[in-house]
Structure formats: structure tokens, C-alpha cells
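Everything on this sheet refers to the single structure shown next.
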Amino acid sequence: MESSKHSPHGDVTQVGTVTLTDDATGKTLKLPLLGGSTGPNVIDIRKLYAETGYFTYDPGFTSTAACDSAITYIDGDEGILLHRGYAIADLAENCDFLEVCHLLLNGELPNPQQKADFERTITYHTMVHEQLAKFYSGFRRDAHPMAIMCGVVGALSAFYHDSTDIFDPVQRKIAAHRLIAKMPTMAAMAYKYTVGEPFMYPRNDLSYAENFLYMTFGTPCEEWKVDPVLSAAMDKIFILHADHEQNASTSTVRLAGSSHANPFACIASGIAALWGPAHGGANEAVLKMLDQIGSVERIPEFVRRAKDKNDSFRLMGFGHRVYKNYDPRAKIMRETCYQVLDRLGIRDEPHLAIAMELEKIALSDEYFIEKKLYPNVDFYSGIILKAMGFPTSMFTVLFALARTVGWISQWKEMIEDPAQKIGRPRQLFTGYAARPFVPLDKR
């Protein structure tokens, strides 16, 4: 069999077959078994319906590969997360966020000249069209920042017509750079709007993370200096959230992009999917849990409840749907968390004290160890963001800011895939079959 497609990252090759037997008819069908560079092989079922008249049934697509990708690889059982083959720990330890952006977008880490050029390009795209600022005044003052981001990011397509032709590689590149560059500016503006402070323009002398903190917490009244420990922590958070394979929001971006929608609309769709509390709201849920516990003295009560199968209470920020081992991002985030708390001198703050005691229990209690309920990246990032002064309503916005590069990289890869088709999931229909129409006077 020929490779299923040709791509910049090599061929998907057939490594065997799987035989499917229809017990009702006795007919058999050999399905190709495809292999990538690493990870489980996949059964190619593209001809299943044509050959058998059957669909597959997989709610949540938990056993279905909807694409092949060379960007991010996760082995949840082993606690492995790779971006373009590089371990997340190595990237977080040795790179800044824009280097990781370059890697995700272009497939390789930049050399010194490429790094300087990429940083300059992103830096000089950070301003947004002045008329875009007027969009914010159309929202109520108490609007959730994610509601604002959904609208404003989608509206970019009304301003940048020179980067919406998805079949032009130059325009795709410009759109990617604009989204990465402008997201911190728009996110900071969403925060400023909700607190009633004036928008701050970006500064070209600051790094990506420094610029975001400056635009978020600075004011025109006085000089605002960025703390290097806090900006380094912000940069780490961005790196650790840059991409995470085919999750709900990334799949949404790909599905929207499969219809050939413009990139700004596709990223807005990702923001909408990320907004859901089952996805991007996990670190916000950690803070709400700490509020519910209330004090260190009440921790044993809630730990007991967490162990009780009949109790609806769950400890948020422990364990992960994908990682059945320790979340490889959590160790990095833990170290960063302690650095921030030490810098700010607030380890004894009540909520943070609860969090630290919960962490200690989770790492030593047999129940948590046996079930591998280790603190995950959301547990620590929520603590860091609270310590830095971000309201919980901004947590998911920061997630969207960081994930934008992953979304646009995945979108770009999909558009450049010659085997790409518009997404069209099937269904197991359970409604009425055809039935006769009943006139109104006889119903």
C-alpha cells in the first residue's frame, strides 16, 4: 500500500493489517495498520463505510486519530511531552517562549540570527489597530474577559484583510505572527477594561512576557518596572501551555479550519472551546476549591471526602486525564511556584498555605500515590497567577494567550496537508425513523 500522504515530516507508512470479521455475514475486511515515528499504531478505517456500510462509534474521539501531526507527542502512561521531539523540561529550562513559538511553527529551534529576526517580527506586530480598542467599549464593564477575547480575536479578520488568504503561504505566516504578537496586547486590554484602567501600549524594549505584565499591571501614572522573577515565571507558564496535542480546543481549531475559515475565526473558535471549565478552567477550579476548603485545619475533612466514592467532592488540580504518571510540566511549575512565592514573601497567605499542605499530603499519602493523583500543572499555575495578582477570571485568558501558538501551528500544519478534508463526524442516530405527517387539525 502507498503511504497515506506525503508531508514535511515524512510518510505515514503501513506496518501491517487488522482483519475485521462481520459475525452476521461472515465477511472479513483487512484494514491497513499505520505507523508513525513513535506512539501507538492506528487502524486506517477510511474505507470502512464504503466496504461495510458501517460507521465506528467513539464518543469524545478518545480512540480515534483525526489527523497525523509532527508537532506534539504525549505518552501519558510514561509522563512524556515532546514538542518537535524536544522534551518539555529541556525547552522550559533552556529556551524562552518565543524560541518555543519558532519551534512549533517552523519545526526547528532558531539559530541566533533566526531568533533575533523572529523576536523583532513579533515585537513590531504587538500593537493593535487603534479602532480595535473601540470594540472593548461595546462590552459591559463586568463582562468576562474570555467573552471579550472571543469577540475581539474574531474581529481581527475585519482589520487584516492582507492575511486571510489561507492558500497563500506568506499570508499564513503573517497571520501566525500577528496572532502570537497581538494576543498579549488584547489580553491585557481585556483585563484593563474590566478594572476600569486605561489601556497601556506595548513597549518594544521589553521581552514578550515582560511586555504582557507591563501592559496588564502598569499605569500611565508612574514608571512600572517588571520583576525579573515574575516575568521569568510568566514565560515558563507560557511555554508549558504552548501546545498539548489534539485536545478539545486544538481539535476545534482544526475542525473550523477544515472549512477554510480564516485563521482569526479559527483561533476565536479555539478560545470558545477553551473557555469550558472542563478544559481551560482547571486552574480557576483549583482556586475555587481552596476557597471551599477555607483553612488548613479543614484539609483532613476534605481529603476524607475526596477518598469517599459516594461523596461528590473532588480535589481539583490532582491527576490528569492524559497523564497516568506525573505530569511532566508539574515539576517545572512547582519550582517556579516556590520561586514566585519566595520573591513575593507570601508563602503564609491562607489560600497558598492550604495549597502547600494539600501538595504535601498528595505526595506522601498512600491513596494519592497508588492512584497517581499527583499535583498537575493547573494546581501550581493557579497558585502562581493568584500570587501575581491576576483575578481568576483572567486565568483562562492567559491559557489562551499561551496556546495561540499551538493552535496556529496545528492550523498551519492542517492547511498544508494535501490529504486534508472538511471535518464531517458521523452519528449513531437514535431518533424517530421515517413516519407519516399528521395535519395540524388531527394532532
Side-chain angles (χ1 to χ4, degrees), residues 71-74 79-110 114-115 118-119 122-123 126 176-177 179-181 183-184 187-188 206-213 216 226-245 247 249-250 267 270 274 280 282-283 320 322-323 326-340 343 375-385 387-388 390 394-410:
I71 298 173
T72 298
Y73 173 73
I74 296 172
I80 293 172
L81 171 59
L82 306 177
H83 290 324
R84 302 287 191 180
Y86 294 104
I88 187 62
D90 291 336
L91 295 174
E93 182 68 26
N94 300 293
C95 298
D96 60 34
F97 179 62
L98 287 185
E99 284 182 86
V100 176
C101 288
H102 186 282
L103 172 69
L104 292 173
L105 270 177
N106 302 304
E108 296 292 345
L109 287 168
Q114 289 170 331
K115 184 176 188 295
F118 187 71
E119 287 177 348
I122 298 303
T123 298
T126 50
H177 291 168
L179 280 159
I180 295 168
M183 196 63 74
L206 298 178
S207 72
Y208 192 86
E210 288 173 335
N211 222 341
F212 173 64
L213 291 175
T216 302
V226 182
D227 188 306
V229 173
L230 301 188
S231 63
M234 195 80 262
D235 200 71
K236 285 278 197 301
I237 289 175
F238 290 162
I239 290 173
L240 297 179
H241 290 84
D243 194 53
H244 209 238
E245 211 213 63
N247 51 76
S249 58
T250 299
I267 300 307
L274 187 71
N283 50 12
H320 194 280
V322 172
Y323 298 109
Y326 195 71
D327 183 339
R329 302 168 298 171
K331 181 180 179 182
I332 305 162
M333 202 85 283
R334 182 176 186 265
E335 295 171 359
T336 302
C337 181
Y338 280 111
Q339 290 168 3
V340 169
R343 179 68 172 181
N376 60 34
V377 67
D378 299 307
F379 179 80
Y380 294 111
S381 64
I383 297 169
I384 293 172
L385 295 176
M388 292 173 69
F390 286 99
M394 279 293 293
F395 286 7
T396 316
V397 174
L398 298 183
F399 195 158
L401 191 169
R403 185 55 58 84
T404 294
V405 65
W407 288 333
I408 200 66
S409 298
Q410 298 271 353

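Heavy-atom minimum distance, Ser231 versus Val226: CB-CG1, 3.7 Å. Pairing each heavy atom of Pro110 with each of Lys115, the nearest pair is CB-N, 3.6 Å. Taking each heavy atom of Val229 and Asp227 in turn, the nearest pair found is N-OD1, 2.8 Å. Across all their heavy atoms, Pro184 and Phe212 have their closest contact at O-CD1, 3.6 Å. Between Asp243 and Leu104, the closest heavy-atom pair is CB-CD1, 4.2 Å. Pairing each heavy atom of Met234 with each of Ala209, the nearest pair is CB-CB, 4.1 Å.
Between the side chain of Thr404 and the backbone N or O of Ala400, at least one donor-acceptor pair lies under 3.5 Å. Under the 3.5 Å distance criterion, the side-chain polar atoms of Glu99 are matched with a main-chain donor or acceptor of Asp96. At least one donor-acceptor pair closer than 3.5 Å links the side chain of Asn247 to the backbone N or O of Ser249.
Annotation: the span from Glu119 atom CD to Cys101 atom SG amounts to 10.5 Å, rounded to 0.5 Å. Lys331 contributes atom NZ, which lies 14.0 Å from atom CE of Met333 (distance to the nearest 0.5 angstrom). Thr123 OG1 to Phe118 CZ: the interatomic distance, rounded to the nearest 0.5 Å, is 10.0 Å. Remark: His241 NE2 to Ser381 OG distance equals 4.5 Å, nearest 0.5 Å. Separation of atoms CG (Asp378) and CD1 (Ile383) is listed at 11.0 Å; rounding is to 0.5 Å. Atom OG1 of Thr126 is separated from atom NE2 of His177 by 14.0 Å, given to the nearest 0.5 angstrom.
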For residues 86-95, tabulate all N or O donor-acceptor pairs below 3.5 Å that involve a side-chain atom, not counting sequence neighbours.
unit_1: Asn94; atom_1: ND2; unit_2: Asp90; atom_2: O; d: 2.8

Notebook entry, point to check: Could you walk me through whether Val340 and Arg343 pass the side-chain contact (heavy atoms from CB on, under 4.5 Å) check?
Noted result: CA-CA 5 Å; Val340 169; Arg343 179 68 172 181; 5.6 Å; no

Check: Leu105 and Ile180: side-chain contact (heavy atoms from CB on, under 4.5 Å), yes or no, with the steps?
Finding: CA-CA 11 Å; Leu105 270 177; Ile180 295 168; 3.6 Å; yes

Next item on the list: Before giving the answer on side-chain contact (heavy atoms from CB on, under 4.5 Å), spell out for Ile237 and Leu385 the whole-Å C-alpha distance, their side-chain angles and the decisive distance to 0.1 Å.
Entry: CA-CA 9 Å; Ile237 289 175; Leu385 295 176; 3.8 Å; yes

Notebook entry, point to check: Hey, mind stepping through Phe238 and Val100 against side-chain contact (heavy atoms from CB on, under 4.5 Å) and telling me if it holds?
Noted result: CA-CA 10 Å; Phe238 290 162; Val100 176; over 6 Å; no

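At least one side-chain heavy atom of Phe390 sits less than 4.5 Å from a side-chain heavy atom of Leu213. Residues Leu240 and Tyr380 form no side-chain contact, since every pair of their non-hydrogen atoms from C-beta on lies 4.5 Å or further apart. The shortest side-chain heavy-atom distance between His244 and Ile74 falls under the 4.5 Å cut-off.
The aromatic rings of Tyr208 and Phe97 sit tilted, their planes meeting at an angle between 30° and 60°.
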